[in-house]
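Here the structure is laid out as C-alpha cells; the discussion comes afterwards.
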Amino acid sequence: MNPFAFLSLLGTGKPQLDDGQRQRLRRLPAAPHLDSRPLRSQRFVVLDLETTGLNVNRDIVLSIGAVLIEDDAIDLARQFECTLQRRLKTVTESVLIHGIAPSALADGIAPAEALLQFMEFAGDGVLLAFHAPFDQRMLGRALKDELGYPLRHPFLDVADLAPMLFPEAFVQQGGLDHWIDYFRLDMPQRHHASADALATAEIALILFSRARRMGLDNVAELGERVARWQRSRTANRHSL
C-alpha cells in the first residue's frame, strides 16, 4: 500500500443538520444559467479546492478558497477561505504539498457547515476553476454526502479558456503555473486554496478582456465556443 494513502477521517457517520442549517439550505438561491448578459454584468465565483488526492471517488476536500469577480474586477474585500475539520491517521502526499497542518485540520470547521457557508458565499454566481471538472466533481460529491444538496451551478474551466483564447502561447496541457508565468503575474504563494483562487481570478480577467476583443461578451457564447474548441481538439487527437 502507498505509505501516503488516505486512511481515515474524523467522524464516519453523516453529520446531522440542525434546524438553522436546514433553513439556510432551503434559502440558497437557484443555480444560475449561462446567459446572454455581458461578462461585466456577470457575477463569477473563482474556486480552488485542496484535497487529499486526485481520486474523485475516494479523496476528500480539505480546504476551500474562493474570490469574487464582479463588474470586471476582483473584490478583494470579499474572499472565502476555510479549512474543513478532518483527522488523518496518515498524512497524504497532497497534504504535504498544500502544507495544511494536522492541527489546522483538527481545528477546522465541520464539513457540513463549511460547505453550507461556501454555497451561501457562491450564491447565484457562475463558478470558475482551473481544471474545473475535478473541482466540480469533488465539490458535488461533498455537497451530496454532507448536505444532501445537488450541485447544479455551471462551471467554466480556465484551463480550457486560456489555450483557446491565447493559442499563440502554445500551452495546451499546462498547469496553473504555466499561465502565471506566461502572463507574468506576481504570485509568491502557491498550492494554497485562496492563493490559487486569486491567481485563477487574475488569469480569468485577462481571458475575459481577450474574449471581448474577439466578440465573445457573454458566458453563453463563451461556453459554446469552448465546447466547440474541446470537440475540435478531441477530433484532431483521434485523427492522428
Side-chain angles (χ1 to χ4, degrees), residues 6-32 43-70 75-92 94-95 98-129 132 134-155 191-198 200-201:
F6 171 74
L7 292 182
S8 72
L9 305 177
L10 176 66
T12 57
K14 292 184 179 179
Q16 298 296 314
L17 302 183
D18 60 34
D19 290 340
Q21 289 173 322
R22 284 192 287 270
Q23 290 176 12
R24 289 161 58 198
L25 193 61
R26 288 193 292 268
R27 288 197 298 265
L28 290 177
R43 180 176 183 270
F44 295 98
V45 179
V46 188
L47 165 72
D48 186 79
L49 303 178
E50 307 295 3
T51 65
T52 54
L54 299 178
N55 188 313
V56 296
N57 297 312
R58 184 188 67 233
D59 286 302
I60 57 156
V61 176
L62 298 177
S63 67
I64 305 172
V67 297
L68 294 180
I69 295 178
E70 293 186 291
D75 188 350
L76 294 176
R78 298 169 63 198
Q79 301 186 49
F80 182 89
E81 181 177 10
C82 75
T83 298
L84 280 64
Q85 186 181 65
R86 310 290 194 187
R87 182 166 294 161
L88 312 182
K89 287 185 177 179
T90 299
V91 177
T92 69
S94 181
V95 173
H98 302 318
I100 305 174
S103 58
L105 292 171
D107 293 337
I109 301 174
E113 176 62 25
L115 291 161
L116 182 53
Q117 288 181 16
F118 171 72
M119 293 309 297
E120 290 172 330
F121 176 85
D124 62 354
V126 172
L127 298 180
L128 296 177
F134 174 79
D135 293 86
Q136 186 173 15
R137 290 188 65 180
M138 292 296 293
L139 178 62
R141 183 164 63 85
L143 288 169
K144 181 179 179 182
D145 290 347
E146 301 291 349
L147 298 174
Y149 180 86
L151 178 63
R152 296 193 175 97
H153 284 59
F155 275 71
H191 303 298
H192 185 276
S194 58
D196 287 358
L198 180 59
T200 304

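All values below were derived from every heavy atom in this structure, side-chain atoms included, with hydrogens, water molecules and symmetry-related copies excluded.
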Does the side chain of [Y] come within less than 4.5 Å of [X]'s, by heavy atoms?
| X | Y | answer |
| --- | --- | --- |
| H153 | P32 | yes |
| L84 | I109 | no |
| L28 | Y149 | yes |
| R24 | Q117 | yes |

Do [X] side-chain atoms and [Y] backbone N/O form a donor-acceptor pair below 3.5 Å?
| X | Y | value |
| --- | --- | --- |
| E50 | L62 | no |
| R86 | V61 | yes |
| T52 | I60 | yes |
| Q79 | L76 | yes |
| Q23 | G20 | no |

Spacing of [X] atom [atom1] and [Y] atom [atom2] [to the nearest 0.5 Å]:
| X | Y | atom1 | atom2 | answer |
| --- | --- | --- | --- | --- |
| E120 | L25 | CD | CG | 9.0 Å |
| M138 | T51 | CE | OG1 | 4.5 Å |
| L139 | M119 | CG | CE | 6.5 Å |
| Q136 | R141 | CD | CZ | 14.0 Å |

Go through the structure and list residues passing salt bridge (charged side-chain N to carboxylate O under 4.0 Å, His left out) with R22, not counting sequence neighbours.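 Testing R22 for salt bridge (charged side-chain N to carboxylate O under 4.0 Å, His left out), a comparison that skips the adjacent residues, returns D19.
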Just do the side chain to side chain contact (heavy atoms under 4.5 Å, CB included) check on T200 and D48 with the steps written out, would you? CA-CA 8 Å; T200 304; D48 186 79; 5.5 Å; no
CA sep, side-chain torsions, deciding dist, call: Q85, E113, side chain to side chain contact (heavy atoms under 4.5 Å, CB included): CA-CA 10 Å; Q85 186 181 65; E113 176 62 25; over 6 Å; no
Could you tell me which non-hydrogen atom of [X] sits nearest to which non-hydrogen atom of [Y], and how far apart they are?
| X | Y | value |
| --- | --- | --- |
| F118 | A66 | CE1-CB, 3.8 Å |
| F134 | G53 | CZ-O, 3.5 Å |
| D135 | A129 | OD1-CB, 3.9 Å |
| A132 | F155 | CB-CD2, 4.0 Å |

Passes side chain to side chain contact (heavy atoms under 4.5 Å, CB included), T83 versus D107? Steps please. CA-CA 8 Å; T83 298; D107 293 337; over 6 Å; no
Step-by-step side chain to side chain contact (heavy atoms under 4.5 Å, CB included) determination, D75 to I69: CA-CA 6 Å; D75 188 350; I69 295 178; over 6 Å; no
By side chain to side chain contact (heavy atoms under 4.5 Å, CB included), which residues pair with N55, not counting sequence neighbours?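 Scan of N55 (side chain to side chain contact (heavy atoms under 4.5 Å, CB included), adjacent residues dropped) gives N57, R58, D59.
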Give every donor-acceptor pair under 3.5 Å between a side-chain atom in residues 121-128 and any protein atom, sequence neighbours left out.
none

